[in-house]
Amino acid sequence: QVQLVESGGGLVQTGGSLRLSCSASGVIFSINAMGWYRQAPGKQRELVASITLRGTTNYADSVKDRFTISRDNAKNTVYLQMNSLKPEDTAVYYCNADLRVRSYYSPLQAYWGQGTQVTVSS
């Protein structure tokens, strides 16, 4: 069974920084894209940033130049460095990974973490 476990959320003041981590564990053959999504109260879940196996990144316009996504393939871990945080960044942040279990012939499936709360006070 595959698990994605996030850590690093918390309460921070406007302008502060946080670093989120997400580690995938279990019987994993390979991981393709990994990413971070967020969902604020009353809003839909949205993509924050994603990174391919080879390191190509993509960011939501609202976080460009403030957030940086990275990954450690040897550790099956993805990170999100968040700087210059704003109150509108307040949300539950979810880790996502597209991966194959057991072998190359396993279907590519999306897995989600349980979410970690990020609160930015004004």
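The structure presented is a predicted model; accordingly, all values stated were derived computationally and were not measured. This chain uses plain numbering: 1 for the first residue, then up along the sequence.
Under the ring-ring contact (aromatic ring centres under 6.0 Å, His included) criterion, no residue pair touches residues 56-81, with sequence neighbours excluded. Applying the side chain to side chain donor-acceptor pair (under 3.5 Å) test to pairs two or more places apart or on separate chains, those with a residue in residues 111-122 are Glu6-Gln114, Gln109-Tyr111, Gln117-Thr119.
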What do the steps show when you test Val2 against Leu99 for side-chain contact (heavy atoms from CB on, under 4.5 Å), and what is the final call?
CA-CA 10 Å; Val2 174; Leu99 58 88; 3.9 Å; yes
Using side-chain contact (heavy atoms from CB on, under 4.5 Å), reason through Arg38 and Glu46 one step at a time and then give a plain yes or no.
CA-CA 5 Å; Arg38 68 186 180 188; Glu46 62 175 359; 2.7 Å; yes
Evaluate the side-chain contact (heavy atoms from CB on, under 4.5 Å) criterion for residues Ser17 and Gln81: first the C-alpha distance (whole Å), next the side-chain angles of each, then the deciding distance (0.1 Å), finally the verdict.
CA-CA 8 Å; Ser17 298; Gln81 178 66 44; 4.0 Å; yes
Go through the steps for Asp72 and Thr77 under the test side-chain hydrogen bond (donor to acceptor under 3.5 Å, both in side chains), then give the verdict.
CA-CA 5 Å; Asp72 184 333; Thr77 298; over 6 Å; no
Apply side-chain contact (heavy atoms from CB on, under 4.5 Å) to the pair Leu80 and Thr68, showing each step before the final yes or no.
CA-CA 6 Å; Leu80 185 68; Thr68 302; over 6 Å; no
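Rounded to the nearest 0.5 Å, atoms OG (Ser25) and CG (Leu4) are 8.0 Å apart.
Across every non-hydrogen atom of Trp36 and Ile69, the tightest pair is CD1-CD1, 3.8 Å. Across Cys95 and Val78, no two heavy atoms sit closer than the pair SG-CG1, 3.8 Å. Nearest heavy atoms, Ile31 versus Ala97: CG2-CB, 4.2 Å. Taking both residues in full, the closest heavy atoms of Ala110 and Asn96 are given as CB-ND2, 3.9 Å, listed atom of the first, atom of the second, then distance.
Listed for the Ser62 side chain is no donor-acceptor partner under 3.5 Å among the backbone atoms of Ala60. When atom types are taken as modelled, the side chain of Arg100 and the backbone of Ser106 share a donor-acceptor pair closer than 3.5 angstrom. Remark: side-chain polar atoms of Arg71 are paired, donor with acceptor, to backbone N or O of Thr52 under 3.5 angstrom.
Considering only heavy atoms from C-beta on, Asn32 comes within 4.5 Å of Ser30 through its side chain. Counting heavy atoms from C-beta outward, Leu18 and Val118 have side chains that approach closer than 4.5 Å.
Using a 4.5 Å cut-off between side-chain heavy atoms of Ile, Leu, Val, Met, Phe, Trp and Tyr, with links allowed through other members, Met34 and Tyr94 fall into different hydrophobic clusters. Val92 and Val12 are members of different hydrophobic clusters when ILVMFWY side chains are connected at heavy-atom separations under 4.5 Å. A chain of hydrophobic side-chain contacts below 4.5 Å, direct or via other Ile, Leu, Val, Met, Phe, Trp or Tyr residues, connects Phe29 to Tyr105. Transitive grouping of hydrophobic side chains (ILVMFWY, heavy atoms separated by less than 4.5 Å) brings Met82 and Ile51 into a common cluster.
Between Lys86 and Asp89, no side-chain nitrogen of the basic residue sits less than 4.0 Å from a carboxylate oxygen of the acidic one, so the salt-bridge criterion is not met.
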